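In what follows, a single structure is set out as structure tokens and then discussed.
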Number of protein chains: 2
Amino acid sequence: MARVIAEREDVIPMLAEVFRTYGFEGASLARITEQTKLGKGSIYHFFPGGKEEMAEAVLAHVDAWFKQHVFEPLNESADAAAGIEAMFDEVGRYFQSGRRVCLVGVFALGNERDRFSDQVRDYFSAWIDALAAALVRTGRKPEDAMALAEEVVGGIQGALVLARAFDRTSVFTDTLHRLRGRLSVSQN
Amino acid sequence: MARVIAEREDVIPMLAEVFRTYGFEGASLARITEQTKLGKGSIYHFFPGGKEEMAEAVLAHVDAWFKQHVFEPLNESADAAAGIEAMFDEVGRYFQSGRRVCLVGVFALGNERDRFSDQVRDYFSAWIDALAAALVRTGRKPEDAMALAEEVVGGIQGALVLARAFDRTSVFTDTLHRLRGRLSVSQN
DNA sequence: GTCTATAAAGCGATAGAC
DNA sequence: GTCTATCGCTTTATAGAC
């Protein structure tokens, strides 16, 4: 029997999947050990602080992913419109066309928000601010850009709810398509 | 000490608050008895089926409320536009300007969805269908009405996520205002 | 780094007195 | 209808062997 030695970094995505699916309280050690194929001893070796530390690590991991793949391209792309297009592509892939929910969105709706309020707020702030800044660089007025960015990020979160409710990915992909169009056309 | 005799109907709104806040798994009997000020004996007297039956009752209660205050006005109001206006008013009040989250939305995102998939799907279906029908009566084409209705209901769900994340009701009220405007103006 | 054994607390649910 | 006591199970977390 080939025993695989795990590293902390390898465990975090699996933890993320459990927290995403069951929330903080629902992410029991039983579910975690099942998903990671690791004993409690290993889990607590990586995360001595228990579930709290696991959730912190998962939130940091999600934040780092979005920073690298979404926020920074939005902020730094020479072509702002291209950065926005890339955002929709990455987001569609990340959420698996609506099959995967947003961990931070789940935490925001639940009582997890009180425990992780900073991480939840900062994630959505960074996203909306980066998108608004890119929209300004495409020629939008700052107030309009901010409102549009909130509409897009909120629209994505809502589409995830509906896609789950109907178990139909088209609700999510259609929404991405609609929002994408709204940002590229009418400069009202 | 004045003991108050409770009725099942009185308990359901309190249960709803607990399920809304903590989800199905997080709604422990301890939290439920604290919220309702009732012992476990009383709770199980009203709901012999346990938490499952409690959640069913809560979902039915939410559905009945929306039927009465939102779906039927949308479907039956002689003036379709007035029914839509009433929807925004009622929804803004019901969600307490974004301070209260949507129980069905929480269930949709969590693993509760698998257990209560019918109720979750039917709630959003009824809402979207009623809104789309009202939009058709204001002169929209059926396909456009359906897409708009999904955009509005999804937008509301997403706004609840953002309002919670930022702990700022204006995100929700501004979104309601924007969506309201979108339905009454441009007939594109 | 991995595992098993174990502790203490919390869980949903039931029984039975009042 | 309400309560307390109790059961059996699961929970998070720790200890210690390997």
Side-chain angles (χ1 to χ4, degrees), chain A residues 1-59 61 103 106-107 110-112 114-116, chain B residues 1-59 61 103 106-107 110-116 119:
Chain A
M1 161 134 177
R3 182 154 83 176
V4 180
I5 303 296
E7 291 190 30
R8 200 184 125 110
E9 279 302 303
D10 305 327
V11 180
I12 294 177
M14 299 189 250
L15 289 179
E17 206 53 35
V18 180
F19 281 111
R20 225 191 300 277
T21 307
Y22 300 104
F24 182 78
E25 299 204 22
S28 68
L29 268 300
R31 282 168 173 159
I32 288 170
T33 54
E34 183 189 21
Q35 176 85 24
T36 59
K37 309 284 182 195
L38 254 44
K40 295 184 202 178
S42 300
I43 296 289
Y44 274 90
H45 171 74
F46 290 130
F47 306 95
K51 281 177 66 175
E52 184 97 15
E53 189 177 342
M54 297 181 215
E56 302 267 8
V58 163
L59 283 166
H61 184 260
L103 170 81
V106 170
F107 274 28
N111 78 318
E112 293 93 338
D114 300 330
R115 209 193 275 245
F116 304 104
Chain B
M1 158 124 179
R3 182 154 80 175
V4 180
I5 303 295
E7 291 190 31
R8 199 183 127 111
E9 279 302 303
D10 305 327
V11 180
I12 293 177
M14 297 188 252
L15 289 179
E17 207 52 36
V18 181
F19 281 112
R20 225 191 299 277
T21 307
Y22 300 104
F24 182 78
E25 299 204 23
S28 68
L29 268 299
R31 282 168 173 159
I32 287 170
T33 55
E34 183 188 22
Q35 176 86 23
T36 59
K37 309 284 181 195
L38 254 44
K40 294 185 201 180
S42 299
I43 297 289
Y44 274 88
H45 172 74
F46 292 130
F47 307 94
K51 281 178 65 176
E52 185 99 14
E53 188 177 343
M54 297 181 215
E56 303 266 8
V58 163
L59 283 166
H61 183 260
L103 170 80
V106 170
F107 275 28
N111 80 317
E112 293 93 338
R113 196 228 12 195
D114 300 331
R115 209 193 275 245
F116 303 104
Q119 294 94 323

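In this text, all values refer to a predicted model and were calculated from it rather than measured experimentally. Each chain gets a letter, A, B and so on, in the order its sequence line appears, and its residues count up from 1.
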*DNA chain D: 5'-proximal contact among P48(A) and A30(A) (nearest heavy atom)*: A30(A)

*Rounding to a whole Å, what distance do you find between D10(B):CG and dT2(D):P?*
10 Å

*Given salt bridge (charged side-chain N to carboxylate O under 4.0 Å, His left out), test E17(A) with R20(A) step by step and report yes or no.*
CA-CA 5 Å; E17(A) 206 53 35; R20(A) 225 191 300 277; 3.6 Å; yes

*State the CD1-CG distance between I43(A) and L38(A), to the nearest 0.5 angstrom.*
5.0 Å

_Without decimals, in angstroms, what is the distance between I32(A) CD1 and dC3(C) P?_
15 Å

*Test salt bridge (charged side-chain N to carboxylate O under 4.0 Å, His left out) applied to E34(B) and R31(B), step by step*: CA-CA 5 Å; E34(B) 183 188 22; R31(B) 282 168 173 159; over 6 Å; no

_Please classify the nucleic acid contact of G41(A) as base, sugar-phosphate, or nothing, using heavy-atom distances under 4.0 Å._
base

*asked:* Would you compute the distance between atom CG of L29(B) and atom CE of M54(B) and round it to the nearest 0.5 angstrom?
replied: 5.5 Å

List, one per line, each side-chain donor-acceptor pair under 3.5 Å for residues 6-16 of chain B, sequence neighbours excluded.
| residue | atom | partner | partner atom | Å |
| --- | --- | --- | --- | --- |
| R8(B) | NH1 | F46(B) | O | 3.2 |
| R8(B) | NH1 | E53(B) | OE2 | 3.4 |
| D10(B) | OD2 | E7(B) | N | 3.3 |

*Give the rounded distance in Å between these two atoms: CD1 of I43(B) and P of dT14(C).*
14 Å

*Quick one: E34(B) CD to dC11(C) P, roughly how many Å, whole number?*
11 Å

*Closest nucleotide of DNA chain D for E7(B) versus for K40(A): which of these residues is on the 5' side?*
E7(B)

*asked:* Rounded to whole Å, please give me the gap between CD in E52(A) and C1' in dA13(D).
replied: 14 Å

_Minimum heavy-atom distance between Y22(A) and A27(A), given as atom pair plus value_ = CB-N, 3.8 Å

*Those residues of residues 15-29 of chain A lying under 4.0 Å from DNA chain D by at least one heavy atom*: A27(A), S28(A), L29(A)

_I need the CE-C1' distance between M54(B) and dC11(C), as an integer number of Å._
13 Å

*Write down the distance between NZ (K37(A)) and P (dC3(C)), rounded to a whole number of angstrom.*
12 Å

*asked:* Using a heavy-atom cut-off of 4.0 Å across all strands, would you classify K51(A) as base, sugar-phosphate, or nothing?
replied: sugar-phosphate

*In whole angstroms, how far is the P atom of dT4(D) from the NE2 atom of H45(B)?*
17 Å

*Please work out which of the three classes, parallel, tilted or perpendicular, describes the rings of F24(A) and F19(A), given edges at 30° and 60°.*
parallel

